[in-house]
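Down below is the structure, laid out as structure tokens.
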Amino acid sequence: MPRTVLAQISDPHITGPHDELFEASDPVGNLSAAIHHAAARAEAVIITGDLAARAGTDAEYEGVRAVIESCGVDVLLCAGNHDESRKIQSLFGVQGRNGRLDYARDLSGGRLVVMDSSRAGRGDGALDDDQLAWLDSELDRGAPTVVAMHHPCFSIGGKGLAGVRLDDGSVEGLASVVSRHSNVLSVISGHAHMTLSTAFAGTVAHACPSVAYEFDFRGRDLIYRPGLPQYMLYSWAGGGAGFFARQMTVAPGDAWLVMESF
Ligand SMILES: [Fe+2]
């Protein structure tokens, strides 16, 4: 049985046609390159939020739609703190639950559960009791499962990014649900604009880099640079065995040659 491969792109922060672009970044070019690259390798591609640059305007989502349509790839979506969750559901025809962009997708060797951790007007994220109960029931199905949301379930540290995560109650609730299910391969997120991995509730949590701009710490400074066409690839064998996470970077003129076929 071939490995199941899932790709995660995050935080493209696409602007509307007349909006100011983040300094020197190329989110449209990077998102497009990452989608093409990922779709050639993965059976599903999810963008974990902050599709829109700032406030989830119609113009921003028209920009998002234009990039996705130009790629001709069926991309899964997730809501971030710069998004309007209900607008994503209506504009892109994604069926959520109770007004939130919560849904699950079957994969060839497992499942992807997407959760809406965005809360209007807040940079941090939250999951309510209804969402956690739904996650619990989804995980009870027993398939190897990746749980995706915008906000990391762990603290990044550093003053500048201290609030860039789920709130404490949500982390506690999520940990309680996840720790009861050995079939959770990973909890994946965006929002941090950097690549991170850490242990969480008996599994591993990953944060995906942003294709728009990247954060880092240098001494007491929170620093940034324009993003790269980067994304995460997750893969596993039958029953969830041999789960791997790999950060991918699309190089200029990216060309791969077949060495052998199996
Ligand atoms: Fe973001």
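When a ligand or atom number is given, it counts from 1 through the structure's own listing order. The shown structure was predicted, so the numbers you read here are calculated from the model rather than taken from an experiment. Just so it is clear, the values below take in all heavy atoms, side chains as well, and ignore hydrogens, waters and symmetry mates. This chain uses plain numbering: 1 for the first residue, then up along the sequence.
A donor-acceptor pair is defined here as one N or O able to donate and one able to accept, closer than 3.5 Å; such a pair exists between the side chain of Y61 and the backbone of E84.
A donor atom on one side chain and an acceptor atom on the other are found under 3.5 Å apart for D140 and H181. Side-chain atoms of D11 and Y213 form no donor-acceptor pair, as typed in the model, at a separation below 3.5 Å.
Contact check for L132 versus L174: side-chain heavy atoms found under the 4.5 Å cut-off.
Residue I9 forms a side-chain contact (heavy atoms from CB on, under 4.5 Å) with just one option from I46, T48, L31, and that option is L31.
Around the Fe ion (ligand 1), the protein N, O or S atoms closer than 2.8 Å are D11 OD2, H13 NE2, D50 OD2, H193 NE2, listed by chain and residue number.
Relative to the six-membered ring of W134, R100 misses at least one condition, a distance below 6.0 Å or an angle of at most 45° to the axis.
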